Q: 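Below is one structure. I have some questions about it.
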Amino acid sequence: MILLTRKADFSAAHFYWNDAWSEEENARVFGKCANRQGHGHNYTLEVTVAGEIDPVTGFVVDLKQLKDIIEHEVVSVYDHRHLIMVPTTENIAVAIWRRLDGKIPNAKLHRVRVYEMPTLFADFYGEGA
């Protein structure tokens with residue numbers, strides 16, 4: 001088995017807010033990120049797949065196909081959008097995993113890593129990890 005990672009980038013806006021809390025509680029917990037105007041990030045996504053190397057092609061997975069799947073399932077969905085989930089880096093990684101899981105032929109999704117900024121990222125290895 002070998003691990004192969006493909007990167008992609010997307011830009012999205014978000015804000016943190018819990019409707020069950022007062023404005024003061026949201027401000028206390030989420031700080032400046034509770035601004036309903038939102039703010040944006042340039043995210044970097046790493047998708048790592050695991051599999052066996054095909055003896056004929058030398059690849060674990062068709063790289064163009066992997067790029068196209070990431071583009072269709074993630075980039076086209078999130079790029080230049082306002083994220084409406086609770087948009088923590090952790091939740092974004094889980095949501096992306098769920099969008100990709102089972103959709104990559106001849107390889108198993110191993111890890112989704114989402115960078116919100118160069119010094120902050122979240123890794124997700126699946127529901128049962």
Side-chain angles (χ1 to χ4, degrees):
M1 181 187 65
I2 192 162
L3 302 175
L4 176 79
T5 300
R6 179 123 203 168
K7 283 186 169 186
D9 297 302
F10 62 94
S11 299
H14 69 207
F15 68 93
Y16 295 157
W17 194 267
N18 184 329
D19 286 331
W21 296 348
S22 68
E23 186 172 338
E24 294 75 22
E25 183 70 2
N26 276 287
R28 184 186 70 73
V29 173
F30 299 128
K32 67 181 182 177
C33 293
N35 177 351
R36 291 223 187 216
Q37 299 285 327
H39 66 280
H41 293 281
N42 296 316
Y43 294 91
T44 297
L45 168 66
E46 293 180 359
V47 175
T48 301
V49 297
E52 298 298 326
I53 298 173
D54 182 301
V56 175
T57 66
F59 294 126
V60 171
V61 65
D62 180 318
L63 297 175
K64 180 174 182 334
Q65 188 176 36
L66 180 58
K67 179 181 178 184
D68 290 347
I69 291 166
I70 293 169
E71 173 65 33
H72 180 263
E73 294 295 330
V74 180
V75 176
S76 69
V77 173
Y78 292 120
D79 194 37
H80 289 84
R81 301 291 198 279
H82 195 106
L83 304 178
I84 57 171
M85 64 180 91
V86 178
T88 62
T89 310
E90 300 93 310
N91 282 339
I92 295 169
V94 172
I96 290 172
W97 177 282
R98 290 178 178 159
R99 294 191 66 80
L100 294 174
D101 193 26
K103 295 183 179 162
I104 302 166
N106 305 317
K108 182 180 183 310
L109 189 57
H110 176 74
R111 183 193 75 191
V112 167
R113 174 176 281 176
V114 177
Y115 286 88
E116 185 170 303
M117 56 187 70
T119 59
L120 175 64
F121 63 89
D123 288 334
F124 189 64
Y125 291 88
E127 308 293 338

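None of these values were measured; they are calculated from a predicted model.
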Q: Looking at Ser22, is its backbone amide N or carbonyl O close enough to the side chain of Asn26 to form a donor-acceptor pair, meaning the two atoms are under 3.5 Å apart?
A: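 Answer holds: yes.
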Q: Where do Val75 and Ala8 come nearest, in terms of heavy atoms and distance?
A: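 Heavy atoms only, the tightest pair is CG2-CB, 4.0 Å.
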Q: Over all heavy atoms of both residues, which pair between Ala12 and Leu83 is shortest? Give the atoms and the distance, please.
A: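 Here Ala12 and Leu83 meet closest at CB-CG, 3.9 Å.
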Q: Check whether any side-chain heavy atom of Val60 sits under 4.5 Å from a side-chain heavy atom of Met1, and report yes or no.
A: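 Heavy-atom side-chain distance check fails, nothing below 4.5 Å.
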Q: Is there a side-chain contact between Phe15 and His82, using heavy atoms and a 4.5 Å cut-off?
A: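 Sidechains of His82 and Phe15: in contact.
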Q: Where do Leu3 and Ala50 come nearest, in terms of heavy atoms and distance?
A: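 Leu3 and Ala50 have their closest heavy atoms at CD2-CB, 3.5 Å.
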Q: How many angstroms lie between atom CD1 of Ile96 and atom CD1 of Ile70, to the nearest 0.5 angstrom?
A: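 So the CD1 of Ile96 and the CD1 of Ile70 are separated by 9.5 Å.
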Q: If you round to the nearest 0.5 Å, how far is OG1 of Thr89 from CZ of Phe124?
A: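 Result: 14.5 Å between the selected atoms.
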Q: Side-chain donor-acceptor contacts of residues 100-107 below 3.5 Å, not counting sequence neighbours, with atom names and distances?
A:
{"residue": "Lys103", "atom": "NZ", "partner": "Glu73", "partner atom": "OE1", "Å": "3.1"}
{"residue": "Lys103", "atom": "NZ", "partner": "Arg99", "partner atom": "O", "Å": "3.0"}

Q: Enumerate the residue pairs fulfilling side-chain hydrogen bond (donor to acceptor under 3.5 Å, both in side chains) with a member in residues 29-43, sequence neighbours excluded, ordered by first and then second residue.
A: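 side-chain hydrogen bond (donor to acceptor under 3.5 Å, both in side chains) check on residues 29-43 returns Ser11-Asn42, His14-His39, His14-Tyr43, His39-His41, His41-Glu116.
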Q: Go through Val74 and Leu45 one step at a time and tell me if the side-chain contact (heavy atoms from CB on, under 4.5 Å) criterion holds.
A: CA-CA 9 Å; Val74 180; Leu45 168 66; 3.7 Å; yes
Q: Should the ring pair His110 and Tyr125 be called parallel, tilted or perpendicular, given that the plane angle runs from 0 to 90° and is split at 30 and 60?
A: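 Because their plane-to-plane angle is over 60°, the rings of His110 and Tyr125 count as perpendicular.
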Q: Does anything in residues 47-59 form a salt bridge (Lys or Arg N to Asp or Glu O under 4.0 Å)? List the pairs, not counting sequence neighbours.
A: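 Not a single pair qualifies under salt bridge (Lys or Arg N to Asp or Glu O under 4.0 Å).
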Q: I need the Phe121 CZ to Ile92 CD1 distance, nearest 0.5 Å.
A: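 It is 15.0 Å, given to the nearest 0.5 Å.
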Q: Measure across Val77 and Arg81 and return the closest heavy-atom pair with its distance rounded to 0.1 Å.
A: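 Scanning both residues, the minimum pair turns out to be O-CG, 3.2 Å.
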Q: Identify the heavy atoms of Ala122 and Ala93 that sit nearest to each other, and give their distance.
A: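 Taking Ala122 first and Ala93 second, the nearest heavy atoms are O-CB, 4.2 Å.
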Q: Does the separation of the ring centres of His80 and Phe10 fall below 6.0 angstrom?
A: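 Aromatic pair excluded; centres sit 6.0 Å or further apart.
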Q: May I ask you to test the Lys7-Tyr115 pair for a side-chain heavy-atom distance under 4.5 Å?
A: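 Heavy-atom side-chain distance check fails, nothing below 4.5 Å.
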Q: Please answer whether the main-chain N or O of Leu63 pairs with a side-chain N or O of Arg6 as donor and acceptor at a distance below 3.5 Å.
A: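 Between the backbone of Leu63 and the side chain of Arg6 there is a qualifying donor-acceptor contact (under 3.5 Å).
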Q: How long is the span from the CG atom in Leu120 to the OG1 atom in Thr88, to the nearest 0.5 Å?
A: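 OG1 of Thr88 is found 9.5 Å from CG of Leu120.
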Q: As an exercise, state the distance from CG of Leu66 to CG of Leu4, rounded to the nearest 0.5 Å.
A: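 Nearest 0.5 Å value for the CG-CG distance: 7.0 Å.
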Q: Checking Ser76 side chain against Glu71 main chain: does a donor-acceptor pair fall under 3.5 Å?
A: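 A pair under 3.5 Å: yes.
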